[in-house]
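Please read the structure below before turning to the comments.
When reading the values below, keep in mind they use all heavy atoms of this one structure, side chains included, and skip hydrogens, waters and symmetry mates.
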Amino acid sequence: MIPVALGQLRRRPAAFAGLAVALFLAVATVTLFGSLFAADVTTPASARKAAGEPGVAVIAGAFGEIAVLVAFFVVVNALGFALRQQHRELALLRTVAATPRQTRRLVRGQVLITTVLVAVPGWVVGAAAARRFLAELRRLGPAAPGMRVPGTPVPMLVALAATLAVGLAASAVAARRISRIAPAAALTASSTEHGRTGAPRLLAGGAALVGGCLLLRLAATRPAAETDEAGQAALLAALVLLVAVALTGPLSVRLLVAVLGVPVRALAPGAGWLAHANLCGYARRLSSAVVPVALLVGLSGTMLIMTNTAGRTARASATGVTSATDVWLRQAEVALLACFAAVATVNTLVAVTAERRREFALLRLAGAHRWQLMRMLAVEAALTTAVGVLLGAVVAGAASAAFSRASTGSVVPSVPVAACWYVVAGAAALTVPAVLATGLRAVRGPAAELVSGDRD
C-alpha cells in the first residue's frame, strides 16, 4: 500500500498540507522539550543545584506537558480532515474489492510517509528552539551558566517515535468508519450529516466536563505559594473543558446558533436565513469548525489572563527572579499554543469548506449566483467565529478565575482587555479569510460536473 499512499500524496498534496504542518509541529515540540531534559540530565548535579529552583527539567515538564498534548490534539484533528478530503477515493477503493484492512494500511502508510518527510525539518527547528529557550533560561537564572543542549540524537528519535505512535493511533480511529461500513454506503456517507450525537460520545463529554471541573477546583484550592502548580492545573482544566466542548459540540453550538441567528436573519434576510439554516441543519459540521476557534480563544485567553494576573501578583509581592521567569514562561507558552491553535483553525476551516463543493454546485443549479454563495459563507464565517469566541471565552473565564482564586484570593482575575481583543480579532482574521478564500475556489467550475462527481 505504500506506492498507493505515495500516489495519493503526489496527486493531492494540498489535502495533506495541514497534516504535514501538524506533524511538523509535534516533532519540533517533542524535540524541544526532550532536548531540554537532555541538557538537564547531562549537566553536573552541583551546577544544577547552584542554579536554584525550579530546575530546567521541572520547567520543561510543566511547560511541555500542555504543549505536547495540544500538539497531538492538532495532529489527530488534522488527520481526521485529511481523510475526509479523500473520503470518496477511499470509498471507491472499497468498491473495487479493497478490504478494510488494506484501507487502514493505506491510511497508516500516508501517516508514516508524511511523518518521515517532516521529521528532519522538525528536528532542526526543535533543536534550534531548545537552544534559544535554554539561553533565555540562563539569562533569567533557572539554568546553570554552563548548561548546553547536548548533541545526542535521543530527543529526536523519541520525538519521531512519539509522533508516529500518536499518528498511527489516530489513523486507526479516523479510518475506522470508512473501513467498517459497506462499500456502496461509503460512497454516499460523506455527503450526509450523521444522526443524533451518540450516547458514548455524550457520556465521554460529560466525563470530560466533570474532570475539567475537578481540575478547576484543584487549581483554585492551591495555596498562594504554589502558583505554578495552580497555573498548570488551570491550563490543563481549560484543555479538558475544550475536549468536553468538542465532544458535546453539536448540542451546544446548535443552541448558540439558534440564539445568534435571530439578529443575523433580521440584518441579512437572504444570506442570513440561508446561512442560519445551513448551520442549524449541519450542527456536527459546524461543531468541527467551531472547536478550533474555541481552542484558539480558550487557550490564548487563559494564558494571557493568567500571565497578567501573575504579573500583578509578582509586582505586589516583589518575589524576584522566580516571578519574572514565570511571566516569561507564560508569555512563551501563549505564543506556542496560539501557533498550534491557529494551525488547527485554518486546517479545519479549509477542509470543512472545501468538502462542500457539491453542495455549492447544487445551490448554483437551483439558481444561486456565486456572489450570493459568498455572502452566505461570509455570514456563516461570522457566526462560526462568534460561537467559537463565546465557547472559548467561557472556558478561559473559568480557568483564569480558578487561577486567580489561588494566587490572589479573589475569583476576579486581572484581565488584559486590549490583548484579549487582539485574540478575538486574530480568531476572526483566521476564520473569515480562510472560509472565504476556500469558498471562492469551491464555487468555481461547471456546477453540473461537480454534482455528478466528474470533477473534484
Intermediate values then yes/no, side-chain contact (heavy atoms from CB on, under 4.5 Å), T29 and F340: CA-CA 10 Å; T29 302; F340 292 147; 3.0 Å; yes
Candidate pair L304 and Y422, rule side-chain contact (heavy atoms from CB on, under 4.5 Å), full reasoning: CA-CA 11 Å; L304 284 171; Y422 284 136; over 6 Å; no
T309 side chain near S400 side chain, heavy-atom distance below 4.5 Å: no
Any R364 side-chain heavy atom under 4.5 Å of E359 side chain: no
For A338 against L296, the heavy-atom pair lying closest together: O-CD1, 3.9 Å
Point-to-point distance, once rounded to the nearest 0.5 Å, from CZ of R148 to CZ of R138: 4.0 Å
Heavy-atom check, side chain of W123 versus side chain of V120, under 4.5 Å: yes
Shortest non-hydrogen separation from A289 to V293 and the atoms involved: O-CG2, 3.6 Å
Closest non-hydrogen atom pair between V74 and A22, with its separation: CG1-CB, 3.7 Å
Check: M376 and F360 side chains under 4.5 Å, non-hydrogen atoms: yes
4.5 Å side-chain heavy-atom contact, C420 and V415: yes
Table please: side-chain donor-acceptor pairs of residues 432-441 below 3.5 Å, with sequence neighbours left out.
from, atom 1, to, atom 2, distance (Å)
T438, OG1, A434, O, 2.7

Closest contact, heavy atoms only, G298 versus A396: O-CB, 3.7 Å
Residue pairs fulfilling salt bridge (Lys or Arg N to Asp or Glu O under 4.0 Å) with at least one residue in residues 379-398, sequence neighbours excluded: R356-E380
Stepwise side-chain contact (heavy atoms from CB on, under 4.5 Å) check, F37 with V56: CA-CA 7 Å; F37 273 110; V56 172; over 6 Å; no
Donor-acceptor pair, side chain of Q232 and main chain of E229, under 3.5 angstrom: no
Beyond-backbone contact of P292 with L349, side-chain heavy atoms, under 4.5 angstrom: no
Approximate separation, where rounding is to 0.5 Å, of F24 CZ and L117 CG: 13.0 Å
Minimum heavy-atom distance between A159 and V27, given as atom pair plus value: CB-O, 3.6 Å
Residue among V166, V107, L112 satisfying side-chain contact (heavy atoms from CB on, under 4.5 Å) with S171: V107
pair L242-V291: side-chain heavy atoms closer than 4.5 Å: no
Check against side-chain contact (heavy atoms from CB on, under 4.5 Å), L202 and L251: CA-CA 10 Å; L202 289 177; L251 295 178; 3.5 Å; yes
Any donor-acceptor pair under 3.5 Å from S404 side chain to A401 backbone: no
Side-chain heavy atoms of L256 within contact of L391, under 4.5 Å: yes
Approximate separation, where rounding is to 0.5 Å, of M303 CE and L235 CG: 5.5 Å
R370 atom CZ, over 12 foreign heavy atoms within 6.0 Å: yes
Side-chain (T348) to main-chain (T345) donor-acceptor, under 3.5 angstrom: no
Value rounded to 0.5 Å, distance of CG in L137 from CG in L36: 7.0 Å
Rounded distance [0.5 Å steps], CG in L260 versus CG in L383: 6.5 Å
Between OG1 on residue T302 and CG on residue L236, distance to nearest 0.5 Å: 11.5 Å
Closest heavy-atom pair and its distance - T385, A427: CG2-C, 4.4 Å
